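The structure under discussion appears below in the form of structure tokens.
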Amino acid sequence: MTDAHTEDDAMTPTIARSLRARLGVAASLIMLALAAAGCGTATEPAAPPAQPGAEIVAGIDTGDALAVMVAATETAYTWTPGPDRDSAAGVDRASGLLTEQYRAQLGATASGLAAVPAGVWARWTHEHASITATAVITPDNHPGDTAQTRQRVVALTQKTNGTSEPERRSVLYVTASATPGGWRVSLIAPR
């Protein structure tokens with residue numbers, strides 16, 4: 001008869017190998033599950049596939065709805081009073097990033113996206129000021145993305161260069177719609 005400790009000692013390498021193998025399989029399964037979960041979460045969905053027919057407009061890939069939103073709002077709200085007759089000039093420059101229907105809808109009221117009193121515009125013109133806009137998509141809740149629309153809240157900051165005026169800050173609701181040529185902005189709604 002053999003000693004009980006001797007039999008246990010003889011089995012230990014086999015048990016250890018089996019345990020290591022099971023742990024290795026479990027770790028592999030966990031890593032696979034984590035990798036699959038990383039493809040998208042409830043708060044930050046995976047990037048949508050590239051938009052068929054997407055174009056490059058003003059250096060912006062129209063296959064990326066959020067990039068189109070940022071570029072369109074920054075362009076629409078960046079002005080050079082004097083050469084620009086009014087704030088509608090920014091919207092004109094952004095027109096390639098807007099849907100045709102939205103451009104038609106804005107028409108002559110494009111300057112209404114940013115109400116700048118005539119006296120302020122005149123002062124900026126006299127001071128040779130320029131207004132530079134920076135747009136940031138906020139993490140605020142927004143309606144769910146669909147194949148046809150993306151809606152986001154955009155924080156807009158306008159810096160007035162050439163004057164001592166403080167930055168102007170505003171919040172915009174922006175919608176991008178899918179078009180045959182990629183994403184285009186179909187609504188800018190100042191809040």
Side-chain angles (χ1 to χ4, degrees), residues 43-45 47-48 51 54-145 149-179 181-191:
T43 58
E44 192 61 38
Q51 189 76 3
E55 305 165 336
I56 302 297
V57 176
I60 304 302
D61 177 3
T62 62
D64 183 343
L66 303 185
V68 169
M69 289 178 175
V70 167
T73 54
E74 286 181 347
T75 304
Y77 286 89
T78 295
W79 312 308
T80 307
D84 292 348
R85 198 183 71 189
D86 58 25
S87 61
V91 175
D92 290 343
R93 284 189 292 274
S95 66
L97 296 170
L98 308 177
T99 64
E100 287 181 32
Q101 181 181 9
Y102 188 51
R103 286 193 312 258
Q105 177 187 342
L106 285 172
T109 64
S111 61
L113 286 179
V116 178
V120 171
W121 196 268
R123 181 171 40 81
W124 286 344
T125 299
H126 178 73
E127 295 172 347
H128 303 286
S130 63
I131 292 74
T132 305
T134 304
V136 176
I137 294 178
T138 71
D140 291 5
N141 289 333
H142 55 80
D145 292 342
T149 61
R150 303 282 189 271
Q151 297 175 314
R152 296 294 189 273
V153 176
V154 174
L156 184 75
T157 303
Q158 290 176 293
K159 182 175 178 12
T160 307
N161 308 301
T163 72
S164 59
E165 287 186 41
E167 292 179 338
R168 299 162 46 114
R169 296 180 186 273
S170 55
V171 175
L172 311 169
Y173 295 115
V174 181
T175 301
S177 298
T179 72
W183 293 98
R184 298 293 192 278
V185 168
S186 55
L187 177 70
I188 299 174
R191 186 170 96 177

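Nothing fancy with the numbering, it's 1 onward along the sequence. Any value given below was found using the heavy atoms of this structure, including those in side chains, with hydrogens, waters and symmetry copies removed. As the structure is a prediction and not an experimental result, all values here were calculated from the model.
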Does any non-hydrogen side-chain atom of [Y] lie less than 4.5 Å from one of [X]?
X	Y	value
Leu172	Ile188	yes
Val136	Val154	no
Val116	Arg168	yes
Met69	Ile137	yes

| Can you list every side-chain hydrogen bond (donor to acceptor under 3.5 Å, both in side chains) pair that touches residues 73-89, not counting sequence neighbours? |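 Output for this query lists Asp84-Arg93.
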
| request: Mind jotting down which residue pairs meet the side-chain hydrogen bond (donor to acceptor under 3.5 Å, both in side chains) criterion with at least one end in residues 125-136? Sequence neighbours excluded, please. | output: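 Residue pairs passing side-chain hydrogen bond (donor to acceptor under 3.5 Å, both in side chains), neighbours aside: Ser130-Asn161, Thr132-Asn161.
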
| field | Which residues share a salt bridge (charged side-chain N to carboxylate O under 4.0 Å, His left out) with Glu165, sequence neighbours left out | value |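 Glu165: salt bridge (charged side-chain N to carboxylate O under 4.0 Å, His left out) contacts with Arg123.
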
Could you pull out all residues at least two apart from [X] that satisfy side-chain hydrogen bond (donor to acceptor under 3.5 Å, both in side chains)?
X	answer
Ser95	none
Thr163	none
Glu167	Arg169
Thr99	none

Minimum heavy-atom separation for [X] to [Y], with atom names?
X	Y	result
Val70	Ala135	CG1-O, 3.7 Å
Ala94	Ala76	CB-N, 4.0 Å
Trp124	Ile131	CE3-CD1, 3.5 Å

| task | Report the C-alpha distance between Arg150 and Val185 in whole Å, list the side-chain angles of each, state the deciding distance to 0.1 Å, and finish with yes or no for side-chain contact (heavy atoms from CB on, under 4.5 Å). | result | CA-CA 9 Å; Arg150 303 282 189 271; Val185 168; over 6 Å; no

Mind checking the [atom1]-[atom2] spacing from [X] to [Y]? Nearest 0.5 Å is all I need.
X	Y	atom1	atom2	value
Trp183	Thr149	CH2	OG1	6.5 Å
Ser177	Gln151	OG	CD	8.5 Å
Gln105	Leu98	CD	CG	11.0 Å

| request: Examine distances only and state if a side-chain atom of Thr179 and a backbone atom of Arg184 form a donor-acceptor pair shorter than 3.5 Å. | output: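 Pair absent, no side-chain N/O of Thr179 close to backbone of Arg184.
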
| request: Using side-chain contact (heavy atoms from CB on, under 4.5 Å) as the criterion, list what pairs up with Asp92, not counting sequence neighbours. | output: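 Partners of Asp92 under the side-chain contact (heavy atoms from CB on, under 4.5 Å) test: none.
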
| message | According to side-chain contact (heavy atoms from CB on, under 4.5 Å), who are the partners of Val153, at least two apart in sequence or on a separate chain? | response |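 With neighbours one apart ignored, the set is Thr138, Asp140, Val171, Tyr173.
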
| CA sep, side-chain torsions, deciding dist, call: Thr160, Gln158, side-chain contact (heavy atoms from CB on, under 4.5 Å) | CA-CA 6 Å; Thr160 307; Gln158 290 176 293; 5.7 Å; no

| field | Step-by-step side-chain contact (heavy atoms from CB on, under 4.5 Å) determination, Val174 to His142 | value | CA-CA 10 Å; Val174 181; His142 55 80; over 6 Å; no

